[in-house]
A.B. asks: 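Please see the structure below; I have some questions.
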Amino acid sequence: MPLEGERRRRNGIIKPCTHRVLMIPDFPTAALPDTFAMHEGELIALQMRAARALGLPDPHFRDDFPDAAPAPALLVVPAGTFEYGAAAWENAPAQERPRRAASIERSFALGVYPVTTEEFEAYARATGWQRRAELLWLSGRKPVINVRQSDARDYCAWLSSQTGQRYRLPTQQEWEYAYRAGAASAYPQGDRITPAEARYNTRKGFDAARPRRAHLLSRCFVRCGAVEVGKLRPNRWGLHDMPGNVWEYTASPWTRDHASPPERPLPGKPQAVVAKGGSWFDGPEDCRAAARRRRLENELDINLGFRVARDV
């Protein structure tokens, strides 16, 4: 059960005691807003103000491509403060602790959806990138899978060259901030999640105190359960498929927990990085905002994709 102080803060009665006051261009006359102390209407208004400050009539936008190739739909994510990691009352592993205060000092844009197969195939046609023929590949508006983090970075570099804007992978803090959209709870809509809100394995119960059972590869290769993006309920900032569907690479190197330095890769070995969001193969506990998983930058998997960020 949530602690009393946590419940009071979620209701806007008290604010986190660790948030920092910063002066930045997005909010030149005031401290960064504490998103955990804002209700839904205030969060949507904050996003709209950030969009208008950028000269956009709406937080939704899309960059133009010279050859009309499909470009990712984007949403403005406003600057603000929040806390990342598992709350004291959450039944969560040590790698998600301690909960820490963080400041997103400038607004940025994030993909409304994970990058889709058709979007990534436009990059493949333009650059000559080729997938491994023996690996599963999806189509259309399903999320791209079986790509490495380096492929995701190269895709972002290609988007940057096509649009003149800086595309990149989000950090794990940016990803969790956007996922939460002001929610201090385990999931975007509260401390429970349903199949109407995320694509996850409904046959797996949520009991993070029990040891995880090993995933059997034979089960993994039966079929891919990823679904077309954008079919389920978005969070308060309009972002789809952040919980579930596919794990998403971030730009952040793996750390043992939120108080440890990044893991150092051995010379010549791939680096471990943070993936967020859970997937169709995993249980609902992996769809929580604080959940994170260690993946390798050269890893290929049928439940692993990515989402782009863009500087604004």
Side-chain angles (χ1 to χ4, degrees), residues 85-87 89-96 111-117 135-149 152 172 175-176 178-181 183 185-235 239-250 254 272-296 299-307:
W89 52 266
E90 277 187 70
N91 196 7
Q95 68 185 30
E96 299 172 11
V112 178
Y113 317 105
V115 172
T116 65
T117 304
L135 297 180
L136 183 66
W137 194 251
L138 301 179
S139 62
R141 298 290 295 164
K142 290 184 178 180
V144 67
I145 58 170
N146 274 327
V147 292
R148 302 173 179 85
Q149 194 212 39
Q172 69 169 327
W175 197 100
E176 187 168 332
Y179 171 111
R180 289 184 177 278
S185 51
Y187 301 102
Q189 285 85 19
D191 294 325
R192 295 278 187 272
I193 198 164
T194 71
E197 297 156 344
R199 175 68 170 174
Y200 59 88
N201 189 342
T202 57
R203 291 175 295 183
K204 294 188 177 182
F206 181 15
D207 186 354
R210 299 178 63 184
R212 292 179 185 271
R213 290 182 296 178
H215 291 171
L216 301 177
L217 291 180
S218 60
R219 289 179 59 201
C220 286
F221 287 101
V222 171
R223 67 179 181 86
C224 177
V227 296
E228 186 174 329
V229 302
K231 296 297 186 180
L232 302 179
R233 186 183 307 167
N235 72 2
L239 296 161
H240 286 264
D241 297 280
M242 297 204 76
N245 215 2
V246 292
W247 286 96
E248 297 179 18
Y249 277 122
T250 73
W254 177 258
V273 296
V274 176
K276 298 281 287 180
S279 80
W280 58 267
F281 181 73
D282 302 281
E285 71 276 9
D286 286 319
C287 295
R288 291 174 300 111
R292 57 201 290 267
R293 181 165 291 184
R294 183 183 186 275
R295 308 300 291 246
L296 295 177
E299 192 166 346
L300 297 166
D301 207 338
I302 61 173
N303 69 343
L304 179 60
F306 69 99
R307 184 182 305 251

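Along the sequence shown, residues are numbered consecutively beginning with 1.
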A.B. asks: Of the non-hydrogen atoms in Pro243 and Cys287, which two are nearest, and what is the gap between them?
C.D. replies: CB-O, 3.7 Å
A.B. asks: Taking C-beta and beyond as the side chain, do Asn146 and Ile302 meet within less than 4.5 Å on heavy atoms?
C.D. replies: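 Side-chain contact under 4.5 Å: yes.
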A.B. asks: If the condition is side-chain hydrogen bond (donor to acceptor under 3.5 Å, both in side chains), which residues does Thr116 pass it with, not counting sequence neighbours?
C.D. replies: Glu119
A.B. asks: To the nearest 0.5 Å, tell me how far Glu96 CD sits from Glu90 CD.
C.D. replies: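 Between atom CD of Glu96 and atom CD of Glu90 there are 7.0 Å.
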A.B. asks: Measure across Tyr249 and Arg295 and return the closest heavy-atom pair with its distance rounded to 0.1 Å.
C.D. replies: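 Here Tyr249 and Arg295 meet closest at CE2-CB, 4.3 Å.
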A.B. asks: To the nearest 0.5 angstrom, please state how far the OG1 atom of Thr194 sits from the OH atom of Tyr200.
C.D. replies: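 If I round to the nearest 0.5 Å, the distance is 6.0 Å.
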A.B. asks: Are any of the side-chain heavy atoms of Pro114 and Phe306 separated by less than 4.5 Å?
C.D. replies: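 No, side chains not in contact.
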A.B. asks: Please determine, by modelled atom types, if Asp282 and Trp247 share a side-chain donor-acceptor pair under 3.5 angstrom.
C.D. replies: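 Short answer, yes.
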A.B. asks: Would Ser279 and Asn245 count as a side-chain contact (heavy atoms from CB on, under 4.5 Å) here? Give the steps.
C.D. replies: CA-CA 4 Å; Ser279 80; Asn245 215 2; over 6 Å; no
A.B. asks: If the condition is side chain to side chain contact (heavy atoms under 4.5 Å, CB included), which residues does Gln189 pass it with, not counting sequence neighbours?
C.D. replies: Glu197, Arg233
A.B. asks: I need the single residue from Arg288, Lys276, Arg292 that forms a side chain to side chain contact (heavy atoms under 4.5 Å, CB included) with Glu176. Which is it?
C.D. replies: Lys276
A.B. asks: Looking at Ala186 and Asp191, what are the two nearest heavy atoms and their distance?
C.D. replies: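 Heavy-atom minimum between the residues: N-OD1, 3.0 Å.
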A.B. asks: Go through it in stages, so that I can follow the logic: the residues are Val274 and Arg293, the test is side-chain contact (heavy atoms from CB on, under 4.5 Å), and I'd like the CA-CA distance, side-chain angles, deciding distance and then a yes or no.
C.D. replies: CA-CA 6 Å; Val274 176; Arg293 181 165 291 184; over 6 Å; no
A.B. asks: Between Arg199 and Asp241, does at least one N-O distance fall below 4.0 Å, as a salt bridge requires?
C.D. replies: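 Judged by the 4.0 Å cut-off on N to carboxylate O distance, Arg199 and Asp241 do not form a salt bridge.
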A.B. asks: Rounded at 0.5 Å granularity, tell me how far CZ in Phe281 sits from SG in Cys224.
C.D. replies: 11.0 Å
A.B. asks: How close do Gly85 and Ala290 get, heavy atom to heavy atom, and via which atoms?
C.D. replies: C-CB, 3.4 Å
A.B. asks: Quick one: do Trp175 and Glu248 satisfy side-chain contact (heavy atoms from CB on, under 4.5 Å)? Show the steps, please.
C.D. replies: CA-CA 9 Å; Trp175 197 100; Glu248 297 179 18; 2.8 Å; yes
A.B. asks: Going by the rule side chain to side chain contact (heavy atoms under 4.5 Å, CB included), which residues pair with Ala178 if we only count those two or more places apart in sequence or in a different chain?
C.D. replies: Val77, Leu110, Leu239, Met242
A.B. asks: Locate the shortest heavy-atom distance separating Asp286 from Ala291; write the atom from each residue and the value.
C.D. replies: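 The pair with the smallest heavy-atom distance is O-CB, 3.5 Å.
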A.B. asks: Could you pull out the closest heavy-atom pair between Val144 and Trp137, with the gap in Å?
C.D. replies: CG2-CH2, 3.5 Å
A.B. asks: Any chance you could lay out the side-chain contact (heavy atoms from CB on, under 4.5 Å) test for Arg307 and Val115, step after step, and finish with the verdict?
C.D. replies: CA-CA 5 Å; Arg307 184 182 305 251; Val115 172; 5.7 Å; no
A.B. asks: Rounded to the nearest 0.5 Å, how far apart are CG of Asn303 and CD1 of Ile145?
C.D. replies: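 One gets 8.5 Å once the value is rounded to the nearest 0.5 Å.
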A.B. asks: With rounding to the nearest 0.5 Å, note down the distance linking CG in Asp301 to CG in Leu296.
C.D. replies: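 The CG atom of Leu296 is 11.0 Å from CG of Asp301, to the nearest 0.5 Å.
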A.B. asks: Drop me the distance from Leu232's CG to Ile193's CD1, to the nearest 0.5 angstrom.
C.D. replies: 9.5 Å
